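To start, the structure itself, in structure tokens.
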Amino acid sequence: MKPAPLAFLARTAPGWPRVQAGLLGFSLGEVAATAVALVLAARLMAAALLERHLPSPGEVGWVAALLLGRALLRAGRERLSTRFAARAVHGWRTRLADLALTLGPVALSGTRGAELATLDAELGPRLTPYFARYLPGTLHAGAAFAVLLPVAWWLDPLTAGLLLVTVPLTVVFLVLVGLATHAATERQWQAQTRLAARLLTVLRHLPTLHAFGGVAPYREVLRASGEEHRASTLRVLRVAFLNGFVLDFAATLATALVAVWIGVRLFGGAAQLAPTLAALMLVPELFGPVRQLGQDRHAALDAEPLVGRLQALLTRPPVPSGTARVGAGVPRLTLRGARADLATPTTPVTVTLPPGTHAALRGPSGSGKTTLLHALLGHVPYAGEIEVDGLPLGALDLEAWRARVAYLPQHPRLLAASVRDNLRVARPDATDAELVAAARATGLHELIESLPEGWDTPLGEGGVFLSGGETARLALARALLTGTDVLLLDELTAHLDPESEAEIHAVIRQALRGKTVLHATHRPAPPGWLEVPLGAVEVAA
């Protein structure tokens, strides 16, 4: 059973036990100094009123020194909590980035990009109040209750008995209002994520929207999403205001009850002025942290939807990884009933690919071709058996294995940069001679030389100045530069006409001779390639 999001956040905060001990020490010292200062002040005031004995400078100095110590301890507590919050938020942002890089785009494909962007953007604003105020506030409220209530009992047991009833009642009000806040903050988070997703969609597809006259309708969609976000935010603010009002009312009512109770007993001669006055002065100090906790409770609940998403990401089972490494040379790949182990059923395949095999992995859309390639890369878990030179894939060091494999998607990502920079994405340290060799091997060299600025010609965003076949050649040139032994192609030629596809197959046959190539495709295998249909019981190379 997963822990509640806020409990998970506190438990996994780096360095929290040590900081918790420090904060608790500051709080206990601050509350103790406050209690002693107020008891001394109450005795001095009672002596001045009843005995007309003015306090000496030394007595006033003691009270002033205790109050100064209280201020210094509070400043230390706030400094420690603020620094802890900054470290915690930085740690969570680093952890989120590492998690995204570890899982990769395949494992995160079910998570909307807008939600990830909102998670990263909201880490600071939502988690800082929780770490800086709410967590320290809970410790301070507990320390105040643990110290001040026994002191009040020592001073005036009847007043302490009344506090034993009113303080827990105030905490109950805090919990009840928090239940309403939880639902409101969840709706507000969903509205914010929805607005971010639609805004990202507009920015990504703005040229298409302009071309087809879709700007005006989508402007209305954004306006409606913004209005939904505004309304949900106002609902959260209303609940937060109600939260503060309820706690202020409860604390004020409890203080008034104690004051009336003490006043009646004093007028009736059933109590002494000094201890009851000190007990009355302690009441605001007891309720003050609870009231502050009520205000900060909203900050904690505001962070809860975000933490719930973080918790879901962090608790995803990782792909198994070992320490074994494959020897030098092109490896043998063996698949027995292998398929990506995902919620959506996929079709298994059984095949052995000796070194240097060029194979076409065929199957209909949705049958699991692409996900099987991702399983071979170690990006998603797999079922069945996958072996590399006789070693189970799960026993391999996945980082070392991925360095031996190149993955080419149907639409390779090209930068709005020069041809040279786009090729060096694969290997930043590649020399110009190596770039030329890769371009010649893939039939790109003549095209590059014919460009206006040659190797320094910018390709435009997404490579808009290249055709589909030229983009595929550039992707193959990248793969050659990496020097990988295994290439996984995902529908690389699906958008090409038969003539361009045949040219790409000729490039693969010539440039990738001796390397293992597995091409996921709908089309028949080229001449000389091994055809591997998904669902096949056994395919012999």
Side-chain angles (χ1 to χ4, degrees), residues 6-7 9-11 13 15-42 62-63 65-85 88 128-157 159-175 178 243-244 247-248 250-252 254-255 258 275 278-300:
L6 294 182
L9 185 62
R11 190 186 65 187
W16 170 240
R18 185 177 64 256
V19 173
Q20 184 180 29
L23 291 172
L24 190 57
F26 276 120
S27 293
L28 289 173
E30 178 186 344
V31 174
T34 301
V36 175
L38 293 182
V39 170
L40 288 178
W62 273 108
V63 175
L66 288 167
L67 293 178
L68 177 61
R70 163 190 169 169
L72 293 175
L73 289 167
R74 175 173 295 183
R77 175 168 61 87
E78 291 180 353
R79 177 177 173 80
L80 178 59
S81 61
T82 302
R83 294 180 64 183
F84 167 66
T128 297
Y130 175 76
F131 286 121
R133 298 203 308 266
Y134 181 72
L135 277 182
T138 56
L139 293 175
H140 188 64
F145 189 81
V147 173
L148 296 181
L149 194 63
V151 174
W153 190 276
W154 171 64
L155 293 170
D156 186 11
T159 298
L162 188 58
L163 292 174
L164 275 174
V165 175
T166 54
V167 172
L169 189 61
T170 306
V171 175
V172 170
F173 289 157
L174 173 65
V175 173
N243 189 6
L247 287 176
D248 282 345
T252 303
T255 305
V258 172
L280 180 61
M281 295 169 67
L282 289 176
V283 172
E285 298 298 329
L286 186 59
F287 279 99
V290 179
R291 294 169 67 179
Q292 185 62 44
L293 188 63
Q295 298 175 14
D296 296 335
R297 171 76 171 165
H298 166 66

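Since we're looking at a predicted model, the values are computed, not measured.
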Between Thr34 and Arg70 the two heavy atoms that sit nearest each other are OG1-CD, 3.0 Å
Note, Leu155 side chain near Leu282 side chain (heavy atom, < 4.5 Å): yes
- Query: Going by heavy atoms in the side chains, are Leu28 and Val147 under 4.5 Å from each other?
  - Reply: yes
So CZ of Arg77 and OG1 of Thr82: to nearest 0.5 Å the spacing works out to 10.0 Å
Hits for side-chain contact (heavy atoms from CB on, under 4.5 Å) against Arg83, two or more places apart or cross-chain, chain-then-number order -> Arg79, Arg87
Assess whether side chain to side chain contact (heavy atoms under 4.5 Å, CB included) is satisfied between Leu80 and Val19, documenting all intermediate values.
CA-CA 8 Å; Leu80 178 59; Val19 173; 4.2 Å; yes
Minimal heavy-atom distance between Ala144 and Glu285, with the atoms involved, is CB-O, 4.3 Å
Closest heavy-atom pair, Ala152 versus Ala160, reported as atoms and distance to 0.1 Å, is C-CB, 3.9 Å
Closest heavy-atom pair, Leu135 versus Thr138, reported as atoms and distance to 0.1 Å, is O-OG1, 2.6 Å
Those residues at least two apart in sequence (or on a different chain) that pass side-chain contact (heavy atoms from CB on, under 4.5 Å) with Leu164 are Phe145, Leu149, Trp153
Correct closest heavy-atom pair for Pro136 and Tyr130 would be CD-O, 4.3 Å
Note: Ala35 and Val151 closest approach over all heavy atoms is CB-CG2, 4.4 Å
Any non-hydrogen side-chain atom of Phe84 less than 4.5 Å from a side-chain atom of Leu23? no
>> Is there a side-chain contact between His140 and Glu30 in this structure, where contact means two heavy atoms from C-beta onward sitting under 4.5 Å apart?
In response: yes
d(Leu68 CG, Leu73 CG) to nearest 0.5 Å is 9.5 Å
